[in-house]
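Numbered from 1 within each chain, the chains take letters A, B, ... in sequence-line order. Values in this document were obtained by computation on a predicted structure and should not be read as measured data.
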There are 2 protein chains.
Amino acid sequence: MSVQERKERERAARERLIVATARELAEQQGWDAVTTRRLAERIEYSQPVLYSHFRGKREIIGAVALQGAAEMAAAVRATASAADGPRNRVTAVAHAYLDFAERNPAVYDAMFQLDGGLTFAAEDTPEPLKDGFAALLENLGEVAGDGVHPGLFTEVFWAALHGLATLTRAGRLPPAEAERRVELLVGRLAVA
Amino acid sequence: MSVQERKERERAARERLIVATARELAEQQGWDAVTTRRLAERIEYSQPVLYSHFRGKREIIGAVALQGAAEMAAAVRATASAADGPRNRVTAVAHAYLDFAERNPAVYDAMFQLDGGLTFAAEDTPEPLKDGFAALLENLGEVAGDGVHPGLFTEVFWAALHGLATLTRAGRLPPAEAERRVELLVGRLAVA
DNA sequence: ATTTGGATCCTAGCACCGCTAGACAAGTGA
DNA sequence: TCACTTGTCTAGCGGTGCTAGGATCCAAAT
């Protein structure tokens, strides 16, 4: 059985290599540059090998997105736990979110702009995605205010952050005043 | 000179036909289905004709985006002018914006998700885009609150609407509670 | 030790994409 | 009527995601 186990290990390692390489290539040159040919060449296998791990390019994007969701959840939790008081936590979460989006634009695209074939807001939503939302909920729910459902509040806050992240990065908003926009958003939405 | 004028008229008409057909096709089957071949076939000309009007597919997307921006600005102004009181106007604007995004998903994509080669937030930004932002500013600026720059407030409000629009349509947010999210957003952000 | 069978991987190719060079026809002015 | 410009089309380039079918290699069975 040892032989089979080794093969499975190697196969899993190659799958991780594919995802990591796709992510790396996307961050370096954008998702348009992530073609199945280039990706195959980088991992030093032929194209069809990709399709023995994933149904297609979409699923590779989805895998990068899941990895990103887990990292973002961790980043949010780490920043939030270092802040004291609900209000400071909210500010910290907002910054952690926007920083992640800015520092990992390709991963952020995989999560929210591209079609990774992932299901959101449903029962069969993959765990990392649910957990990413949970990380926001944990820290934002406490400033939802009386009579406001924490989940709903988190959705609105998240949507606002998402809007800021995407519009800023696409050049729709001047980056200079980013910090003041965050302050305004947190100041108005969060009920201390 | 009359012959030349007629030709110019016909040429302008054909250009409008291209944009209208691209938009129609995108709304019917999504932007992925808008290929230069299919588009050429629908307007009953060959592919190269498209390139005598536009530099490429990107510019066609941009033309649809500009058309959409003008329509959205008109929709926002029309809805806002029918509401009395600053607060009602803000709610009306939010609904007009989200309705437009929901009813014209392909146009909204052309404006904000796809690359139409347009410049935003700069001097050489095309007029319809500036005017679209102006339409928001006119109605949102009055509820920015003391000491808050109306432009900055509008940017934040717009970002929030954009986040709601995109996340909802991409299935990231359950559509059921859309109305309550708008209420929460307007209630918190707008200073009466 | 040899053979066999199955897993693994690659070469080659399909249909499609955005885009363009160059041939061809149609209409204009002399 | 003839030359010429203008407009349009056919054909094709290099690229895309994806897959069929054959070659190879290696573990298990004889």
Side-chain atoms of residues 185-192 of chain A: list all donor-acceptor pairs with protein atoms under 3.5 Å, sequence neighbours left out, distances to 0.1 Å.
from     : atom 1 : to       : atom 2 : distance (Å)
A:Arg188 : NH1    : B:Ala144 : O      : 3.2
A:Arg188 : NH1    : B:Leu189 : O      : 2.7
A:Arg188 : NH2    : B:Ala144 : O      : 2.6

Query raised in the report: Does anything in residues 55-66 of chain B reach DNA chain C, meaning a heavy atom under 4.0 Å, and if so which residues?
Result: B:Gly56, B:Lys57
Query - Positions of residues 34-52 of chain B (non-hydrogen atom under 4.0 Å from DNA chain C), listed by number - result: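 Contacts with DNA chain C under 4.0 Å: B:Val34, B:Thr35, B:Thr36, B:Arg37, B:Arg38, B:Gln47, B:Pro48, B:Tyr51.
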Can you check the [X] [atom1] to [N] [atom2] distance for me, whole Å?
X: B:Glu10; N: C:dG27; atom1: CD; atom2: C1'; result: 13 Å
X: A:Ile18; N: D:dG17; atom1: CD1; atom2: P; result: 14 Å
X: B:Asp32; N: D:dC18; atom1: CG; atom2: P; result: 12 Å
X: B:Asp115; N: C:dG18; atom1: CG; atom2: P; result: 14 Å

Report summary line: Sorted by chain and number, sequence neighbours left out, ring-ring contact (aromatic ring centres under 6.0 Å, His included) with A:Tyr108 holds for A:Tyr97, A:Phe112, A:His162
Query raised in the report: salt bridge (charged side-chain N to carboxylate O under 4.0 Å, His left out): which pairs involve residues 166-175 of chain A, sequence neighbours left out?
Result: A:Asp109-A:Arg169
**Report entry** Contact list for residues 70-80 of chain B, test salt bridge (charged side-chain N to carboxylate O under 4.0 Å, His left out), sequence neighbours left out
**Finding:**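 Residue pairs passing salt bridge (charged side-chain N to carboxylate O under 4.0 Å, His left out), neighbours aside: B:Arg23-B:Glu71, B:Arg77-B:Asp131, B:Arg77-B:Glu138.
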Query raised in the report: Under the 3.5 angstrom rule, does the side chain of A:Glu155 hit a backbone N or O of B:Leu173 as a donor-acceptor pair?
Result: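 The answer is no, because no donor-acceptor pair under 3.5 Å joins these two groups.
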Query raised in the report: Would you say A:Thr168's side chain and A:Ala165's backbone share a donor-acceptor pair under 3.5 angstrom?
Result: no
Requested in this report: Have a look at B:Arg11 and say if it touches a base, only the backbone sugar-phosphate, or nothing, with a 4.0 Å heavy-atom cut-off.
Outcome: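 No contact at all - B:Arg11 keeps every heavy atom at 4.0 Å or more from the nucleic acid.
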Query raised in the report: Between A:Glu177 and A:Arg181, is the closest basic N to carboxylate O distance under 4.0 Å?
Result: no
**Report entry** Minimum heavy-atom distance B:Pro174-A:Ala121, with the two atoms named
**Finding:**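 What the structure gives for the nearest pair is CD-CB, 3.9 Å.
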